[in-house]
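I have placed the structure first, in the form of structure tokens, so that the comments after it can refer back to it.
Chain naming here is simple, since letters A, B, ... match the order of the sequence lines and numbering starts at 1 in each.
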Amino acid sequence: MGYDFKEIEKKWQDKWDELKPFAAVTGSDKPKFYALVEFPYPSGAGLHVGHPRSYTALDVIARKQRLSGYNVLYPMGWDAFGLPTENYAIKNKIHPEIVTRNNIARFKSQLKSLGLSFDWDREINTTDPDYFKWTQWIFLKLFEHGLAYKKEMAVNFCTSCKCVLANEEVVGGVCERCGSEVIRKTKSQWMLKITEYAERLLSDLDDVDYIERVKTQQRNWIGRSKGAEVDFTTTAGDTLRIFTTRPDTLFGATYMVIAPEHPLIDKWRDKIANFDAVAAYRDEAAHKSDFERTEVAKDKTGVKLDGVEAINPVNGRNIPIFISDYVLISYGTGAIMAVPGHDTRDWEFAKKFNVPIIEVVKGGNVEEAAFTDCETGIMVNSGFLDGLPVEEAKKKIVAWLAEKGIGEEKVTYKLRDWVFSRQRYWGEPIPIVHCEHCGYVPLPVEELPLRLPEIESYEPSEDGSSPLAKIDSWVNTTCPKCGAPAKRETDTMPQWAGSSWYFLRYCDPRNSEELASKEALDYGTPVDGYNGGMEHTTLHLLYSRFWHKFLYDIGVVPTKEPYAKRTSHGMILGEGGEKMSKSRGNVVNPDDIVNEYGADTMRLYEMFIGDFEKAAPWSSQSIKGCKRFLDRVYALPELLAEGEGYGKLEKSFNRTIKKVSEDIMSLKANTAIAALMELLNEIAAEKAITAAGLKAFLILLNPLAPHITEELWEQNGFGGYIHQQSWPEYDESKLADDVVEIAVQINGKLRGTVEIPADASDADAIGAAKVNGKIAAELEGKQIIKEIFVKGRLVNIVAR
RNA sequence: GCGGAUAUGGCGGAAUUGGCAGACGCGCUAGAUUCAGGUUCUAGUGGGGGCAACUUCGUGGAGGUUCAAGUCCUCUUAUCCGCACCA
């Protein structure tokens, strides 16, 4: 057996190209459904088998929704700016634009070979000036609203890419992309104030349908902590402000710690007797990369400031001040009050530096270990807080601080502002001009897009500035405001920029007046189903939610949140269960699979491979089962027989329609396929299928295996195309059996089965069970204690 | 260290959410077709016992709740992922 999938798939892919049946209709009066998958970075390696898992899953939904009467938008595009292309360009002396074009061509033909129903008329590309014009426009709007600013700051600098990285791009102390060492460097950077949106990014998660682990990761990343800021006076006269989540333990604060970068250190230079030691420690900390700084986490280090002490406001006691790199300048106020009795880090430090430890919450043994349980516990050694439970003590001390004017309740976040500059060529130029008289001046909107200049070499310079800085003719310009000579910003935007709003552009991709028209956005947004990898949960997802909220605030988009629903697929692993990688040599190329088995088999297998959300190993054996199934489907018309409706399989068809409809929408195509396989087995056993049955079967299978079903539809002369048909409906009344087989248990153990009418009463069912020969024998001479009947399931008789 | 998830046959995985564990597929065994291999078809396939009807054990491990536990609770082990001195 077997069918000529090569010919059939080519035929239908050409047909779809010609007829464009999957184009979303502008101005349709049908209800809309917006299905979205993360657009790929068109790398030189071509499509990976992981890509189609996500794309097929949403393609199945998109096709099913079209058949169910929706005007479906299922678009695709290219997130094409970025380092690998640029590095390839540097190495091979080819313009990144050409590299990008070639890679896109390859990706596109690969995607087409899978029969994905993308609306190719809406294809977008982040490197297209007509697209990035609007990325730049959004940046100017952010700038106009004070959300983009320039800041001199220590940044992560990749020694190999010669490039500044966002915190999120540093993984385990090394560059996320190339794995090289990351050091700290001070540079003037464009920043975006995502922190201004922290609270909304957190609380609005309640209104969206994201899978729980995505929400959890976003919450952790935003990292909201409620506590208080408290002012400590010092013997130097200056006030030292700290942040704490445990203001209730203020009486237990026996020392202070400030970050090595804290500005007061320099101010106190003359008062610190051991300034040399302090400065040495500070230099040491500055030279450590973030990685080293966190790597030595176990052993606490620090230097005590001689000559300056702080005064604990609750009891007037003088307490020492240390500098230590376990306190981070970037979080809170860069200074803490240390309560060794009730904080593990403070406890370790106090033990090492012989600082007194005071117990202020009862319940542990602070000489043995810090007692950190803050839920329960009663305050001790804490003056006016004594005897209060922790929660009440917090309220009381905050009120006391407020009254004295030396502190207040405060919420802080781990989330930091977004470092938005890259010293690279292949990115969107930042449309800002620096004028000596006017400062940073935005380019007038009419001058957008600001294109990249043609250059000879794409290498960043050794000092870490962008290759654009070398192009004098581009850099030197005039100030849009005063006309004086001025210089262009030479940094470009990070790759995250173009992907932060792309889903909006799909609604109206060729608009040259706006990023998308109001009507298009009103109709198209929000995205109804967005699927992507877990690796984008904290970066892309958060950044695009931030931009969307900003665009909502300035009246550009109609919804607060961009994505109504977010799901995430598991990785496809190599045959042995490890990650697929070139170095392991276990990479499966989708082209090979399509060649050997066909796109429909490939699609079916990727959907059948397992739980969509979990990682699953590829199996070159298992895929054969999917091919066999399609071969059997291809032979199905041989069984065509006369008959009304679904013939003898009325019930099975109705059940399968229900199951497949539900499973597809909840991304459980694996069990939908299993249901179709079961139905096929039943048809085969019956050796007959009615015309209506064949039609329904093909439509149910169509979203999963579109080519073969189009072909069979046509071959059997069912009229029109299968993609024009309506999704079959099931009849609720035909789902249930008249007679059901239920289990009979005695003392919870299965002892037999009995057939009873589906609507049998308790008494009838139990009666039927008892007269069953085997059951009766078992019950012989026993006393019945309890009888349980679960409708349609079982009877359980408890007997002794 | 903190947070999250997962654990079911030889393998990938199902299980209406507390109700007949192992659907569906792979693999394997036997038979048929074939010169042979492949394909296809038929039957079987969690472990132990039995010729058999049947019986007993069984969802990482140990307890518990319940008429009934893969599913709920407590403890525990292993693996994966995320964050990592966040005061």
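Residue contacts shown for A:Ser619 are absent, as no nucleic acid heavy atom lies under 4.0 Å away. As judged by a 4.0 angstrom heavy-atom cut-off over every strand, A:Ala338 is placed among residues making no nucleic acid contact. As judged by a 4.0 angstrom heavy-atom cut-off over every strand, A:Glu741 is placed among the base-contacting residues. As judged by a 4.0 angstrom heavy-atom cut-off over every strand, A:Asn670 is placed among residues touching the sugar-phosphate backbone only. The residue A:Leu794 sits close to a base: some heavy atom pair falls under 4.0 Å.
Closest-nucleotide positions on RNA chain B for A:Asp346 and A:Leu750 were compared, and the one nearer the 5' end corresponds to A:Leu750. When each of A:Tyr413 and A:Ile673 is assigned the nucleotide of RNA chain B with its nearest heavy atom, A:Ile673 is the one assigned upstream, toward the 5' end.
Closest to the side chain of A:Thr216, out of B:rC26, B:rC85, B:rG3, is B:rG3. Out of B:rC85, B:rG13, B:rC24, the shortest distance to the side chain of A:Ala616 is found at B:rG13. When distances run from any side-chain atom of A:Ala674 to the nucleotides B:rG82, B:rA14, B:rA23, the shortest one goes to B:rA23. Set against B:rA14, B:rC24, B:rC41, the side chain of A:Asp611 has B:rA14 as its closest nucleotide. Nearest to the side-chain atoms of A:Arg213 among the listed nucleotides B:rG25, B:rG4, B:rA23 stands B:rG4. Nearest nucleotide to the side chain of A:Pro617, out of B:rC20, B:rG13, B:rG4: B:rG13. Ranking B:rU40, B:rA87, B:rG4 by closeness to the A:Arg628 side chain, first place goes to B:rU40.
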Just do the ring pair (Phe, Tyr, Trp, His ring centres under 6.0 Å) check on A:Phe322 and A:Tyr255 with the steps written out, would you?
CA-CA 8 Å; A:Phe322 289 82; A:Tyr255 65 96; 5.5 Å; yes

Take A:Thr538 and A:Gln217, measure what side-chain hydrogen bond (donor to acceptor under 3.5 Å, both in side chains) needs, and give me the verdict at the end.
CA-CA 7 Å; A:Thr538 42; A:Gln217 271 194 34; 4.9 Å; no

Let me see the working for A:Thr301 and A:Tyr281 under side-chain hydrogen bond (donor to acceptor under 3.5 Å, both in side chains), right down to the final yes or no.
CA-CA 9 Å; A:Thr301 59; A:Tyr281 183 83; 2.7 Å; yes

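Salt bridge status for A:Arg219 with A:Glu212: present, with a side-chain N to carboxylate O gap under 4.0 Å. Salt-bridge formation is detected for the pair A:Lys394/A:Glu391: a Lys NZ or Arg NE/NH1/NH2 atom is positioned less than 4.0 Å from an Asp or Glu carboxylate oxygen.
Summarising the geometry, the separation between CE on A:Met677 and P on B:rG12 is reported as 17 Å, rounded to the nearest angstrom. B:rC26 atom P lies 12 Å from atom CZ of A:Phe629, rounded to whole Å. Between the P atom of B:rC11 and the CD atom of A:Gln621 lies a distance of 15 Å, rounded to the nearest Å. Note: CG (A:Asp343) to C1' (B:rA87) measures 6 Å, nearest angstrom. Rounded to whole Å, the distance from NZ on A:Lys614 to P on B:rU8 is 10 Å. Nucleotide B:rC26 holds its P atom 11 Å from the NZ atom of A:Lys624, rounded to whole Å. Taking atom OH on A:Tyr210 and atom C1' on B:rG82, their separation rounds to 18 Å, with Å as the unit. Note: OH (A:Tyr3) to P (B:rU40) measures 14 Å, nearest angstrom.
When ring centroids are compared, A:Phe349 and A:Tyr326 come within the 6.0 Å threshold.
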Show me, pair by pair, the donor-acceptor contacts under 3.5 angstrom made by side chains of residues 328-341 of chain A, not counting sequence neighbours?
unit_1   : atom_1 : unit_2   : atom_2 : d
A:Tyr331 : OH     : A:Ser225 : OG     : 3.4
A:Tyr331 : OH     : A:Thr412 : OG1    : 3.0
A:Thr333 : OG1    : A:Arg241 : O      : 2.7
A:Thr333 : OG1    : A:Ala335 : O      : 3.3

Identify every side-chain donor-acceptor pair in residues 569-579 of chain A under 3.5 Å, counting partners at least two apart or on other chains, and give the distances.
unit_1   : atom_1 : unit_2   : atom_2 : d
A:His569 : ND1    : A:Asn531 : ND2    : 2.9
A:Glu575 : OE2    : A:Ser620 : N      : 3.1
A:Glu575 : OE2    : A:Ser620 : OG     : 2.7
A:Glu578 : OE1    : A:Asn586 : ND2    : 3.1

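Pair assignment for B:rU29: B:rA43, on the basis of Watson-Crick or G-U wobble contacts that are both within less than 3.5 Å. With both pairing distances under 3.5 Å, B:rC24 is matched to B:rG12 as a Watson-Crick or G-U wobble pair. Here B:rG70 sits opposite no nucleotide as a Watson-Crick or G-U wobble pair (both hydrogen-bonding atom distances under 3.5 Å). In this entry B:rU17 has no Watson-Crick or G-U wobble partner, no candidate having both defining distances under 3.5 Å. When both pairing distances are held under 3.5 Å, B:rC2 makes a Watson-Crick or G-U pair with B:rG82. Base pairing annotation: B:rA7 forms a Watson-Crick or G-U wobble pair with B:rU77, both donor-acceptor distances under 3.5 Å.
In this model, no side-chain donor or acceptor of A:Lys414 finds a partner on the base of B:rC83 within 3.5 Å.
A distance of about 9 Å separates the P atoms of B:rU59 and B:rU71, rounded to the whole Å. Annotation: B:rC20 and B:rC72 have their P atoms spaced 16 Å apart (nearest Å). Using C1' as the reference atom, B:rG70 and B:rG58 are 11 Å apart when rounded to the nearest Å.
One finds a side-chain N or O of A:Arg751 lying less than 4.0 angstrom from the OP1 or OP2 phosphate oxygen of B:rU56. Contact annotation: A:Asn681 reaches the phosphate of B:rG25 (side-chain N/O to OP1 or OP2, under 4.0 Å). Between B:rA87 and A:Ser225, a contact under 4.0 Å exists linking OP1 or OP2 to a side-chain N or O. Remark: A:Tyr331 is in phosphate contact with B:rA87, judged by side-chain N or O atoms under 4.0 Å from OP1 or OP2. Residue A:Lys749 places at least one side-chain N or O under 4.0 Å from the OP1 or OP2 atom of B:rC57.
In this structure, B:rU17 shows a glycosidic angle within 90 degrees of zero, which is the syn conformation. With its glycosidic angle within 90° of 0, B:rG9 adopts the syn conformation.
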Protein proximity profile, nucleotides 63-69 of chain B - base contact B, sugar-phosphate-only contact S, no contact -, cut-off 4.0 Å on heavy atoms:
----B--

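Between A:Ile222 and A:Leu542, the closest side-chain pair of non-hydrogen atoms falls below 4.5 Å.
In terms of heavy-atom proximity, A:Pro313 sits nearest to A:Ile406 at CB-CD1, 3.5 Å.
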